[in-house]
Amino acid sequence: MNEVENEKIVVLQKMILEHASSQKYALAEDARKEAESWLSNEITKVERETSMVLADAKRRSEDIHRRQVLAAEREKSTEGLRQQNRLLQQALKKFQDELVKLRERPDYAKILTSLALNAASRLRDSVPTKLRLAAIDSQLGEEIADAVNKKLPEALMAFDREPAPIIGGCWVMSSDGRRQINSDWQSRTQEISDTLAERLLALL
């Protein structure tokens with residue numbers, strides 16, 4: 001990995017770390033609002049930092065073009081895609097690692113409660129609801145379901161002890177399984193991936 005790529009990863013990593021620190025107290029104040037705010041702020045933060053990544057990527061693309069002026073256009077496009085895909089995967093890995101580290105925070109249960117509340121509010125017409133967590137978070141299940149039902153009684157949420165195949169976050173579904181909201185870290189990372197990939201691919 002060259003120095004330019006390292007700088008890009010450092011910028012994105014710094015952004016993620018700054019966000020994780022700034023959210024320590026906000027998530028506990030208003031569960032449903034903070035679920036939406038926390039997720040939208042993270043995406044907004046990534047989009048803001050993306051402009052810096054795009055500027056660097058554009059300069060790198062121009063340098064590659066000058067060095068490979070005699071190369072075929074297809075080869076140049078392929079190389080650009082390869083470099084940007086590598087950068088994208090590295091940035092997403094950093095982002096997902098930071099989401100997993102949220103488990104170390106004392107307010108982790110409140111973060112999961114916020115996510116579950118947000119999902120339950122989107123399933124108001126499909127109650128009762130069920131909550132599923134990663135196996136490592138199962139001890140928080142009853143607490144989170146109770147907290148959701150206190151703030152949103154119509155959710156009628158019950159904790160499903162069957163672990164979800166996720167690394168963190170939660171799944172909320174209707175009791176008949178026909179509707180499901182995935183608020184897990186893999187899903188959130190994929191959402192960021194789509195946003196960042198669109199911006200980077202625009203340079204090709």
Side-chain angles (χ1 to χ4, degrees), residues 8-50 53 87-123 129-152 155 157 159-173 180-197:
K8 296 174 188 174
I9 298 304
V10 168
V11 169
L12 288 175
Q13 183 178 19
K14 180 179 178 182
M15 174 275 298
I16 295 165
L17 291 174
E18 288 177 351
H19 172 76
S21 176
S22 68
Q23 293 295 315
K24 183 175 183 180
Y25 298 103
L27 284 168
E29 294 178 359
D30 186 335
R32 189 186 308 174
K33 290 182 180 179
E34 287 306 314
E36 298 173 351
S37 176
W38 185 83
L39 296 174
S40 65
N41 285 345
E42 187 64 38
I43 293 174
T44 298
K45 187 80 169 179
V46 170
E47 289 178 339
R48 187 163 57 248
E49 295 297 331
T50 294
V53 174
L87 172 62
L88 175 64
Q89 294 306 314
Q90 291 170 345
L92 292 176
K93 177 64 165 57
K94 292 288 186 181
F95 177 69
Q96 191 169 91
D97 287 347
E98 290 305 317
L99 290 178
V100 172
K101 287 181 182 178
L102 290 175
R103 189 173 284 118
E104 302 170 5
R105 291 168 46 143
D107 59 348
Y108 182 57
K110 293 177 180 178
I111 293 174
L112 294 183
T113 298
S114 297
L115 294 174
L117 263 169
N118 178 263
S121 69
R122 295 164 61 187
L123 292 174
T129 58
K130 294 191 300 183
L131 170 71
R132 292 182 67 189
L133 301 174
I136 193 173
D137 297 326
S138 60
Q139 75 279 4
L140 301 174
E142 297 293 347
E143 173 187 348
I144 293 169
D146 289 345
V148 170
N149 288 328
K150 285 179 181 178
K151 292 183 175 292
L152 193 68
M157 182 173 287
F159 175 52
D160 185 344
R161 294 187 174 278
E162 180 182 355
I166 56 178
I167 59 177
C170 67
W171 285 357
V172 176
M173 62 199 72
Q180 178 171 316
I181 305 296
N182 294 339
S183 294
D184 60 280
W185 301 155
Q186 295 99 315
S187 297
R188 296 309 174 195
T189 300
Q190 184 58 46
E191 291 175 5
I192 294 295
S193 172
D194 293 343
T195 299
L196 187 56

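All residue numbers refer to positions in the sequence shown, counting from 1.
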*So do Trp185 and Ile166 actually touch side chain to side chain, heavy atoms under 4.5 Å?*
no
Rounded to the nearest 0.5 Å, how far apart are [atom1] of [X] and [atom2] of [Y]?
X      : Y      : atom1 : atom2 : value
Ile181 : Leu131 : CD1   : CG    : 13.0 Å
Arg103 : Ile167 : CZ    : CD1   : 8.0 Å
Arg188 : Ile192 : CZ    : CD1   : 9.5 Å
Lys130 : Arg161 : NZ    : CZ    : 14.0 Å
Leu123 : Asn118 : CG    : CG    : 10.0 Å
Glu162 : Leu133 : CD    : CG    : 12.5 Å

Restricting to non-hydrogen atoms, name the atom on [X] and the atom on [Y] that form the minimum distance, rounded to 0.1 Å.
X      : Y      : result
Ala116 : Met157 : O-CE, 4.1 Å
Val148 : Ala155 : CG1-CB, 4.2 Å
Ala134 : Gly168 : CB-N, 4.2 Å
Trp171 : Ala164 : CE3-CB, 3.8 Å
Ser183 : Leu115 : O-CD1, 3.7 Å
Ile136 : Gln139 : O-OE1, 2.9 Å

Would you say [X]'s side chain and [Y]'s backbone share a donor-acceptor pair under 3.5 angstrom?
X      : Y      : result
Ser193 : Thr189 : no
Asp160 : Arg132 : no
Asp184 : Gln186 : yes

*Only one of Leu102, Ile144, Leu117 forms a side chain to side chain contact (heavy atoms under 4.5 Å, CB included) with Leu112, so which one is it?*
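For Leu112, the side chain to side chain contact (heavy atoms under 4.5 Å, CB included) test succeeds with only one of Leu102, Ile144, Leu117, which is Ile144.
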*Would you call Asp97 and Lys101 a salt bridge, using N to O less than 4.0 angstrom?*
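Salt bridge: no.
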